[in-house]
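Remarks on the structure that follows.
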Amino acid sequence: MMADEKFKVTIDGIPVEVAPGTTILNAARQVGGDIVPPAMCYYSKLEGSGGKCRTCLVKVSKGSEKDPRPMPKLVASCRTTVMDGMEVQNITSPDVLEARKGVVEMLLINHPLDCPVCDQAGECKLQDLSYEHGVSQTRYEFKRRTFEPIDIGDNIKLHMNRCILCYRCVYVADQLTGKREHGIINRGDHAEISTFIENALDNDFIGNVIDVCPVGALTDRTFRFKSRVWFTKPVDAHRDCPTCSGKVTLWYKGEEVLRVTARKDEYNEVEAFICDTCRFDKKKTVDWILEEPTPISKQSVIDANHYNVFSPPPVIKKNLQLQEANEEQLERTERLK
């Protein structure tokens, strides 16, 4: 196989050429737009992630040029690599849409209706999925699963009742920090994220579990209940940090920095993980060099209160006629003195 060889893949009728070994999900991301399957557990920056939530299921209607037979079942696009000549259906397949609807219903079985009080509201991918693929009411008639709250430190709040067990936070602790104090305990319906004898999570990069969590299971205690996210204005900034890249997003309300997060791309994935010092300890504008307002999707509720320049237009517009009249009046007044 030549090093520069490309596989031609067709996704929802749109052809794209990708390198061998590319997953269907990443091939779709190279095209962009509505054909990109949603992903609640896959994270391109975290090795081993994916294959847990099943929201990215797609239909392979043609396996490859050599073997054109379709795959018998829907496959997880984040775990399935492409083949030359493969044809994939995502939003054009009724089977995929029906399966995704069932997956969302399953994710919402135990998920509480905390959106009015959850700090993740406005940034929650489960909210987006529920709006796009959810049903008006659940068919689940049994009591919802609940967990006793545990304390995992001063900076991170764990809401296990909201967790969908995507494992992202576990991979962050494994791959970014020197040691891991938390993980999945128990099995089946009793499985939960927890720490060993309620240890606090205090590693240098452990705050990144907040950014990678797709729901409100892990939230920032320093931002807790301070503001709804759509009332804040995100601004890109950086500082000379000896531990991390120092490139962050500052979330302003007025002149106050309510929280600091890592910068994220269009798929809500962190571009570069940041340290806890930048995240929790640097909450003043003087600590940072401001760059520009963070680009926000027009489809996001955060865009409602957003701005594109640092100097918004003045509230009172200039009135040239009034200005000339004031100058004339000033001249007459000066002559009478």
Using atom types as modelled and distance alone, determine if a side-chain donor or acceptor of [X] lies under 3.5 Å from a backbone N or O of [Y].
{"X": "N90", "Y": "V96", "answer": "no"}
{"X": "T23", "Y": "R79", "answer": "no"}
{"X": "T10", "Y": "G13", "answer": "no"}
{"X": "S64", "Y": "G85", "answer": "no"}
{"X": "T22", "Y": "A19", "answer": "yes"}
{"X": "D204", "Y": "D276", "answer": "no"}
{"X": "S300", "Y": "I302", "answer": "yes"}
{"X": "W288", "Y": "K282", "answer": "yes"}
{"X": "T80", "Y": "A76", "answer": "yes"}

Indicate yes or no: at least one non-hydrogen side-chain atom of [X] is less than 4.5 angstrom from one of [Y].
{"X": "R221", "Y": "F223", "result": "no"}
{"X": "V209", "Y": "I156", "result": "yes"}
{"X": "F205", "Y": "C244", "result": "yes"}
{"X": "E192", "Y": "N186", "result": "yes"}
{"X": "C278", "Y": "R239", "result": "yes"}
{"X": "V257", "Y": "W251", "result": "no"}
{"X": "K8", "Y": "P15", "result": "yes"}
{"X": "H133", "Y": "L97", "result": "yes"}

Quick test of your reading of the model: are R279 and D211 salt-bridged, counting only N-O distances below 4.0 Å? yes
Is the shortest side-chain N to carboxylate O distance from R259 to D220 below 4.0 Å? no
Assess the residue pair I150 and L158 against the criterion (side-chain contact (heavy atoms from CB on, under 4.5 Å)); give the C-alpha distance rounded to whole Å, side-chain angles, the decisive distance to 0.1 Å, and a yes or no. CA-CA 7 Å; I150 64 172; L158 173 62; 3.9 Å; yes
Taking side chain to side chain contact (heavy atoms under 4.5 Å, CB included) as the test, write out the residues that go with [X], two or more places apart.
{"X": "C124", "value": "Q120, L126, Q127, V215"}
{"X": "C53", "value": "M40, C41, T55"}
{"X": "D114", "value": "P112, V117, C118, R162"}

Locate the shortest heavy-atom distance separating [X] from [Y]; write the atom from each residue and the value.
{"X": "A173", "Y": "I206", "value": "CB-CD1, 4.0 Å"}
{"X": "V82", "Y": "V18", "value": "CG2-CG2, 3.7 Å"}
{"X": "G21", "Y": "T81", "value": "O-CG2, 3.5 Å"}
{"X": "C169", "Y": "L218", "value": "CB-CD1, 3.6 Å"}
{"X": "G246", "Y": "C241", "value": "CA-CB, 4.1 Å"}
{"X": "K264", "Y": "E271", "value": "O-OE2, 3.7 Å"}

Joint cluster assignment, [X] & [Y], ILVMFWY side-chain distance < 4.5 Å:
{"X": "M106", "Y": "L165", "answer": "no"}
{"X": "I14", "Y": "V88", "answer": "yes"}
{"X": "V16", "Y": "M83", "answer": "yes"}

More than 12 heavy atoms of other residues, nucleotides or ligands under 6.0 Å from NZ of K247: is that the case? no
Is the number of heavy atoms from other residues, nucleotides or ligands within 6.0 Å of CE (M160) greater than 12? yes
How long is the gap from [atom1] on [X] to [atom2] on [Y], to the nearest 0.5 Å?
{"X": "E5", "Y": "E17", "atom1": "CD", "atom2": "CD", "result": "10.5 Å"}
{"X": "L25", "Y": "S77", "atom1": "CG", "atom2": "OG", "result": "4.5 Å"}
{"X": "M71", "Y": "K62", "atom1": "CE", "atom2": "NZ", "result": "13.0 Å"}
{"X": "I24", "Y": "R29", "atom1": "CD1", "atom2": "CZ", "result": "13.5 Å"}
{"X": "D12", "Y": "E87", "atom1": "CG", "atom2": "CD", "result": "11.0 Å"}
{"X": "T177", "Y": "D174", "atom1": "OG1", "atom2": "CG", "result": "7.0 Å"}

Using the salt bridge (Lys or Arg N to Asp or Glu O under 4.0 Å) criterion, which residues pair with [X]? Sequence neighbours excluded.
{"X": "D128", "answer": "K125"}
{"X": "R224", "answer": "none"}
{"X": "R168", "answer": "none"}
{"X": "D287", "answer": "none"}

Which pairs, with at least one residue in residues 36-50 and sequence neighbours excluded, count as a salt bridge (charged side-chain N to carboxylate O under 4.0 Å, His left out)? K45-D265, K45-E269
What pairs of residues pass the salt bridge (charged side-chain N to carboxylate O under 4.0 Å, His left out) test when at least one of them lies in residues 98-112, not counting sequence neighbours? E105-R139
Only pairs under 3.5 Å count here: list side-chain donor-acceptor contacts from residues 30-38, not counting sequence neighbours, and write none if there are none.
none

Step by step, work out the salt bridge (charged side-chain N to carboxylate O under 4.0 Å, His left out) result for R263 and E291. CA-CA 12 Å; R263 299 183 191 180; E291 298 176 8; 2.9 Å; yes
Would [X] and [Y] count as having a side-chain donor-acceptor pair, cut-off 3.5 Å?
{"X": "T92", "Y": "K59", "value": "no"}
{"X": "D236", "Y": "T294", "value": "yes"}
{"X": "Y42", "Y": "N26", "value": "yes"}
{"X": "T219", "Y": "D119", "value": "no"}

Mind running side-chain contact (heavy atoms from CB on, under 4.5 Å) on N208 and I274 for me, showing each step along the way? CA-CA 7 Å; N208 290 286; I274 62 173; 4.2 Å; yes
Paired with K283, the side chain to side chain contact (heavy atoms under 4.5 Å, CB included) test is passed by just one of L250, T222, L258, namely T222
Ring pair (Phe, Tyr, Trp, His ring centres under 6.0 Å) partners of residues 157-177, not counting sequence neighbours, each pair once: none
Taking ring-ring contact (aromatic ring centres under 6.0 Å, His included) as the definition, give me every residue that meets it alongside Y140, ordered by chain and number, with sequence neighbours left out. F142
